[in-house]
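See below for the structure under consideration.
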Amino acid sequence: MLLVQKYGGTSVGSLERIRAVADRVAKAVRSGAQVAVVVSAMSGETDRLIRLAAEIAKRPDEREMDLLLSSGERVSAALTALALREIGISAKSFTGRQSGIITDKAHTRARIEKITAGRLHKALERGEVAVIAGFQGITEDEDVTTLGRGGSDLTAVALAAALKADLCEIYTDVEGVYTADPNIVPEARKLDKISYEEMLELASLGAKVLQTRSVEFAKKYDVPLVVKSSFNDMPGTYIVKEDEEMEKVLVSGVTYDRNQSKLTLLGVPDRPGIAGRLFSEIAGSGLVVDMIVQNISADGKSADISFTIPRTDSRKGVEITKRLAGELGARGVDVKEDISKVSVVGVGMRTHSGVASKMFKTLANHGINIMMISTSEIKVSCVVDSKYTELAVRTLHEAFGLEKAA
Ligand code: ADP
Ligand code: ASP
Ligand code: MG
C-alpha cells in the first residue's frame, strides 16, 4: 500500500501540530504502508512572505517571488522529517527539485510538465518516509517555480499519479467537502462523496478546500482522492467518478468567490468588432475573463460592456481598458471591486430545469440585486454586491434544502 498524505497550512501551523502530523504518519507506516508526505507552509507564512516582498518592491519580480515563496514549504518539510525521526521513523525531506518536479517557466503559476521522482522512489523502497515540500518545482533551466496559491494540493495529486499511489489523502482543517463553506454556513453538511466534475466546479467557483488544478489533474489521471481532517479520524469526503445515484441530486453545493473585479467599458459605439478587439487585447495580456455582459443603450447607438477578471489582475485590466476606451471613443471605464460571485453547483441540473429561476427568486426575496449571471450545464453563478456574500450563500443553502438532516 502506497499512500500520499498532504497536510495543509493549519495542519502544520505549529510545532505541536507538526508533532501530531508525525504521529499520524507513524501510524500509517506501522500499519505497513509506504508513505510520501506533502506539506504546505505553516499557516500564514506564504502571506507573510508576500507582504515582505511588497514592502521592498513595488512590482516584485516573479522569479524572485518564487524562490522566496518556496522557502515556506521547505521549512515545514524539514521540520516534519525531524519530528518523524524524533519518534523513531526514518524520514527524509525533499524540495521540489529533489523530487524531480519539472514545470514550465510561468513563474508564480507554473504547470507541472513531468515528474521523475527517482529519489522519492529510492527513499520509499528503503522504507523511509519521503517528506516533500509542496507548491514548488523547477524549470529545465533550474529556476525555482511555484504552482499557484493552494498549489500543495497539486503537488500531492501529481505525485500520487507519478508514484502510482493507492490513495491520495488531503488532510485539512475541516472534515471534508461540505455543501457550503462550513466556516460561513454552520448548517452545511459534509458530503461522503462528490464527483470529480462537481468538485471541479466548486473549486473553480471559489471553494478553496481543493485547488482547482489539483482536481483537474486527479480527474485526468484517475487519482483516488479523499479530503479529511488532520484533527480527528472521521472518514472524510471521497472524490469519485459520477454514478447514477448522484444524478438525482439537483444541487450539491453553494459556493462564493470574492476575488473578482468588474470592469465596464462605458458608452462604446455599437458596431461590429468592438468586443473582439477588447477581449483579444485582454486575453493577449494573459488575463482570464470570467463573465461578460453587454447592454445596448435605448437609442441603440452605444453599448456598455462589463466583464469580470481576477481581483489581483484589476490594475492591469484597467490600464488596458482605459487605453482602448481612448482609441474606441468610449465614454469611460468603471471599476467595481466590492463584488462577489455566488454559485450553485450540481450534476442534477443537467436533467432538471428551474434551478436558475429559484436562485434568482431567492436572492430577490432577500433584496439582493444580481449584477451578472452565467450558467453552464452544472452550475449557475450570480455576481452580487460583496456585502451580501454570506447572506446569499446562507439563504441559497436553505432554499435548496442542503442543511444537515435534523
Ligand atoms: P489547507 O491549508 O489545508 O490547504 P485551505 O484553507 O486551503 O486549507 O482549505 C480549507 C478551507 O476551505 C476550510 O477551512 C473552509 O473554510 C474552506 N472551504 C470553502 N468551501 C468549502 C467547502 N465547500 N467544503 C469545505 N471547506 C470549504
Ligand atoms: N503555501 C501555499 C499557499 O498558501 C500553497 C498551499 O498552501 O497549498 O498558497
Ligand atoms: Mg489549501
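Below, each value reflects all heavy atoms present in this structure, side chains not excepted, and no hydrogens, waters or symmetry copies. Treat the numbers as computed from the prediction; the structure is a model and nothing was measured. Start at 1 and go down the list; that is how both ligands and their atoms are numbered.
By the 3.5 Å distance cut-off applied to N or O atoms, Gly148 is not counted among the residues near ligand 2. Some N or O of Asn183 is nearer than 3.5 Å to an N or O of ligand 1, by distance alone. On a distance-only criterion, Lys6 and ligand 2 share no N/O pair closer than 3.5 Å.
Residue Gly9 places every heavy atom at 4.0 Å or more from ligand 2. The shell of residues lying under 4.0 angstrom from ligand 1, judged by heavy atoms, includes Ala180. The closest approach between any non-hydrogen atom of Gly8 and ligand 2 is not below 4.0 Å. Contact annotation: Lys190 has no heavy atom less than 4.0 Å from any atom of ligand 1. Look at Pro182 and you'll find a heavy atom under 4.0 Å from some atom of ligand 1.
Side-chain polar atoms of Asn232 and Glu175 form a donor-acceptor pair below 3.5 angstrom. Side-chain atoms of Glu198 and Ser195 include a donor-acceptor pair closer than 3.5 Å. Using modelled atom types, one finds no donor on one side chain facing an acceptor on the other under 3.5 Å when comparing Ser340 with Ser386. Side-chain polar atoms of Thr103 and Thr145 form a donor-acceptor pair below 3.5 angstrom.
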- Message: Checking Arg323 against Glu327 for the salt bridge (charged side-chain N to carboxylate O under 4.0 Å, His left out) test, could you report, in this order, the C-alpha distance in whole Å, the side-chain angles of both residues, the deciding distance, and whether it holds?
- Response: CA-CA 7 Å; Arg323 181 166 47 72; Glu327 285 175 29; 3.7 Å; yes
- Task: Start with the C-alpha distance between Lys358 and Val355, add both sets of side-chain angles, then the distance that settles side-chain contact (heavy atoms from CB on, under 4.5 Å), and finish with yes or no.
- Result: CA-CA 5 Å; Lys358 185 164 179 174; Val355 172; 5.8 Å; no
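Atom 7 (O) of ligand 1 has its closest protein heavy atom at Lys208 O, 3.4 Å. Looking only at protein heavy atoms, the nearest one to atom 25 (C) of ligand 1 is Gly176 O, 3.3 Å. Among all protein heavy atoms, the one lying closest to atom 24 (N) of ligand 1 is Tyr178 N, 2.9 Å. Counting protein heavy atoms only, atom 1 (P) of ligand 1 is closest to Thr172 OG1, 3.6 Å. Protein heavy atom nearest atom 4 (O) of ligand 1, with residue, atom name and distance: Lys6 NZ, 3.1 Å. Here the heavy atom of the protein found nearest to atom 2 (O) of ligand 1 is Gly9 N, 3.0 Å. Scanning all protein heavy atoms for the shortest distance to atom 21 (C) of ligand 1 gives Asp181 CA, 3.6 Å. Protein heavy atom closest to atom 7 (O) of ligand 2, with residue, atom name and distance, is Ser40 OG, 3.1 Å.
Looking at Glu62 and Arg109, a side-chain N of the basic residue comes within less than 4.0 Å of a carboxylate O on the acidic one, giving a salt bridge. The existence of a salt bridge linking Arg24 and Asp233 is confirmed by a sub-4.0 Å separation between a basic side-chain nitrogen and an acidic carboxylate oxygen. Comment: Arg63 engages Asp143 in a salt bridge, judged by a side-chain N to carboxylate O separation of less than 4.0 angstrom. Ion pair Lys336/Asp334 not flagged as a salt bridge, since none of the NZ, NE, NH1 or NH2 atoms sits closer than 4.0 Å to an Asp/Glu carboxylate oxygen.
With a 4.0 Å heavy-atom cut-off, ligand 2 is reached by no atom of Gln211. Counting heavy atoms closer than 4.0 Å to ligand 1, residue Val209 contributes atoms from both its backbone and its side chain.
Across the listed options Leu205, Ile170, Asp173, Val177, Asp173 owns the non-hydrogen atom lying nearest to atom 13 (C) of ligand 1. The closest non-hydrogen atom to atom 1 (N) of ligand 2, taken over Gln136, Met42, Glu73, Glu45, comes from Glu73.
Here is the list of ligand 1 atoms found below 4.0 Å of a heavy atom in Ala207: 19 (C), 20 (N). The atoms of ligand 1 that sit less than 4.0 Å from any heavy atom of Val174 are 13 (C), 14 (O), 25 (C), 26 (N). Atoms of ligand 2 lying under 4.0 Å from at least one heavy atom of Arg149, given by number and element, are 3 (C), 4 (O), 9 (O).
Put simply, CD on Glu45 and OG on Ser71 are 6.0 Å apart, with the number rounded to the nearest 0.5 Å. Of the inter-residue distances, the one linking Leu363 atom CG with Thr395 atom OG1 reads 6.0 Å to the nearest 0.5 angstrom.
Minimum heavy-atom separation, Gly150 to Gln211: O-CB, 3.3 Å.
The aromatic rings of Tyr171 and Tyr7 sit parallel to each other, their planes meeting at less than 30°, with 60° as the upper class boundary.
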